[in-house]
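Here is the structure we will look at.
Chain letters run A, B, ... following the sequence lines, proteins first, then strands; residues in each count from 1.
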Amino acid sequence: MGRFAALVFALLTVGLIAAGSVHKSSTAPASTPEGAVQSMFANVKGHDWNGAYSYVAGASNVDQNTFQQDLAGRDADLRTYSSLEGVDTRVLHESDNEALVRAELKYSTAVGAFYDTRDLKVIKDEGAWKVMWPAEKTTTPPPQVIPVNFLRWDILYRGSGDDWGAQDVEAPHVRILSMSYAERDGGVVIMGEIVNEDTVPAFVSVGAALVGKNGKDLAQESSFDKVSHILLPKEVSPYRIDFPAVKLADVKSVRMKPDAMLVPASADPVIGVLHQRIEKDAKGRTVLRGELMNESGRVVNIPHVLATFYDASGKVIWVSDGYSDHALLPQTPVPFAVDLRDDLAANVHSYRVTVNEYSIHNEEE
Amino acid sequence: MRKIAFLLLAIATCWLCEDWARAQSLQLPGDATAGQPMNFSPSGSGTLYLVGPGQVIKREVHAGQQVQIKGEELRSAGRWIAILRAGGHSQSQPFWVKPGAPDNLSFLARPSRVPVARPNVISGVAFVFDKYQNLVLQPTPVKFSLSVGGSGDSRTVTSHNGVAWIDSSSAKKAGAAQFVASVGQAGTVRRVVQQVASDPCNLRMHVAGNEKGQIVVQTDPVHDCTGNPVPDGTIVTFIETDKSGKSVVDARIKKGIARAELPASDNATITVAAGVVLGNELHVGGGK
């Protein structure tokens, strides 16, 4: 009896594992435009690329490899480290043989949720609805040698055997240029700019503590990724510190705490931010758009854009950020967009964009 | 009652006299110096212990014979106690050992990196020690000199309680400043204070050409207000504004100049800045 029970449980375990590892895949012809889009993305979510590609219209003129790279990422970009979490679809327009479906995609990524909105044309192809997949045009730079001779800073710290009076390398000097506050979405936001005044690179972080009416700290937070952490000499970065669920009326004062450490760094790469302009996106939201141009010779895998918005008096009124899900290939422009709060758009007089870069490579390679 | 009081006073006086007599029998010298030999002839015999700061010396001594403590044994300055123990009795006497002659320094120079032409930003603190690392409390002249590329100045400061210090301004010339503290001929300690260029001054740029449909702008050699070249790697921001929007390049100074490629435009304004310092403004295109 005992052996029989063990056998039953073993088979049950194997069966459950097998059931769990099998992804739901469907390649049944779609009878509606929305169904075609949903089925395609359902297969994408299950990493069934053959199944997903079966919903792509032949007229798209896109091969499966390109289609897969469009959705699964390439060049170790952010999309490579993400997975499709969900998709909402809505038919914008439909006729007998053609439709326009808006797909709002939500990815979970290494840096949080990432949203992508695509308006997909869907056509009737041999009696079934299929998606016209617009292949992303990727420009690969031609084979070439790009000489790079930018500075790199390395650091030698004092040794344990040194005389006790021997000085260590000095920490970089940074200064908070401006600080302003606002109450947004039921919380307090502290924002401003910080500059590396020194001649060496600095790893900076900006912390703040809100002091209540009774003189005690209400909350402490740091800027986390709303700041450029590595600042080269004379580089200016915005910062934003969010204190959710704290009322401005409860705050008596703010204690700022900028920290700077000396770190090895490279002056490469230079990333240009071109053609910046504020406009409305497809959903009618205000965004700051532009193009990122990697002027160096190596790939920047995950670019992070930080935008500072100023009012007419030059005061920082908002700091926004966003990650691009496309890697920056050398000498190749890549579009970006970061949100700007609609309630602030009318007050924005000027803006400034800086770019952080995260690269998955070895400096010595 | 008066008799009892008189008796007690007499006993106490005798006891103090005996103790004084015992101490005198050690016959220690009035002063001793760390690192110098000490000679004395105790009047009693027994085991002699010399207990000092972090150090104990033990000798078997005989009455009338000279005891010699070598200089390298008597290393620690401060309060010592000599104890002569014989036949179950002890007699003791405190004595003081002075620090020896100034022999070396500990020198703290701060900061290790400083912008040029700043008043009183460099501080130097020297602690004067003898050969055995005893802090020399006697006033001692300490010479401080700060120089870059062979030019600079020096000052002599007398130590107070073993410490001498100065404040100094940074020079106008960038470079590795040699900050030296010395005491007599023996102790010299050298530190390096890197004096670096300050903020850029008179930042100016010009159009250097057009390449592949782009405007190339570059700065003149970037210097600070005292003429030192601003180090390579410093960020210089070029901003081009035209009808298509704003384009920004954070260029790095390389070989003294910063250079950027901006999108070509038929009517654009280009500005340049480094940190909080603004440079000149250019208008390109002329509305063609």
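With a 6.0 Å radius and a threshold of 12 heavy atoms from other residues, nucleotides or ligands, B/K254 has its NZ atom above the threshold. For OH of A/Y358, the number of neighbouring non-hydrogen atoms (other residues, nucleotides, ligands) closer than 6.0 Å is greater than 12. For B/H206, the NE2 atom is densely surrounded, since the number of other residues' heavy atoms within 6.0 Å is greater than 12. Within 6.0 Å of the NZ atom in A/K257, the count of heavy atoms belonging to other residues, nucleotides or ligands does not exceed 12. More than 12 non-hydrogen atoms from other residues, nucleotides or ligands lie less than 6.0 angstrom from CG of A/D281. Remark: A/Y181 OH is loosely packed, at most 12 non-hydrogen atoms of other residues, nucleotides or ligands lying under 6.0 Å away.
For the set A/I271, A/I278, A/L231, A/D198, the entry with the most heavy-atom pairs within less than 4.5 Å of chain B is A/D198. Among B/L108, B/L262, B/V125, the residue making the largest number of heavy-atom pairs under 4.5 Å with chain A is B/L108. Contact tally against chain A (heavy-atom pairs below 4.5 Å) for B/R191, B/K255, B/E261, B/E240: the top residue is B/R191. When each of A/V195, A/V200, A/V273 is scored by its heavy-atom pairs under 4.5 Å with chain B, the top score falls to A/V273. Interface remark: of the candidates A/V169, A/D168, A/L274, A/L274 forms the most heavy-atom pairs closer than 4.5 Å to chain B.
Residue contact with chain A, scored on non-hydrogen atoms closer than 4.5 Å, involves the backbone and the side chain of B/D199 alike. Only the backbone of B/A197 comes within less than 4.5 Å of a heavy atom in chain A; its side chain stays farther off. Contacts between A/L151 and chain B at a heavy-atom distance below 4.5 Å involve the side chain alone, from C-beta outward. Contacts between A/L177 and chain B at a heavy-atom distance below 4.5 Å involve the side chain alone, from C-beta outward. Using a 4.5 Å cut-off between heavy atoms, A/V355 does not touch chain B at all. Looking at A/E291, there are no atoms closer than 4.5 Å to chain B (heavy atoms on both sides), in backbone or side chain. For B/P231, the part lying near chain A is the side chain, with the backbone staying farther off; criterion is any non-hydrogen pair under 4.5 Å. Only the backbone of B/V192 comes within contact range of chain A, with at least one heavy atom under 4.5 Å from a heavy atom of that chain. With a 4.5 Å cut-off on non-hydrogen atoms, A/N196 does not touch chain B at all. Of the two parts of A/V236, only the side chain, counted from C-beta on, holds a non-hydrogen atom closer than 4.5 Å to a non-hydrogen atom of chain B. Of the atoms belonging to B/F238, not a single heavy atom falls under 4.5 Å from chain A. Only the backbone of A/P269 comes within less than 4.5 Å of a heavy atom in chain B; its side chain stays farther off.
Between A/H275 and B/S247 there is a side-chain heavy-atom pair separated by less than 4.5 Å. Counting heavy atoms from C-beta on, the side chains of B/V249 and A/V270 come closer than 4.5 Å.
To the nearest 0.5 angstrom, B/Q194 atom CD is 8.0 Å from A/T199 atom OG1. The structure places NZ of B/K243 at 14.0 Å from CZ of A/R277, a figure rounded to the nearest 0.5 Å. Here the CZ atom belonging to A/R158 is positioned 11.5 Å from the OG atom belonging to B/S112, to the nearest 0.5 angstrom. Between the CG atom in A/L288 and the NZ atom in B/K246 there is a gap of 9.0 Å [rounded to 0.5 Å]. Taking CD from A/E170 and CZ from B/R110, the interatomic distance works out to 8.0 Å, rounded to the nearest 0.5 Å. Separation of atoms OG1 (A/T354) and CG (B/D250) is listed at 7.5 Å; rounding is to 0.5 Å.
Within the structure, every pair that satisfies the side chain to side chain donor-acceptor pair (under 3.5 Å) test and touches residues 223-235 of chain A, not counting sequence neighbours, is listed here: A/D225-A/Y323, A/K226-A/D321, A/S228-A/N356.
Taking every heavy atom of both residues into account, B/A109 and A/Q167 meet most closely at O-CB, 3.6 Å. Heavy-atom minimum distance, B/G233 versus A/P233: O-CD, 3.8 Å.
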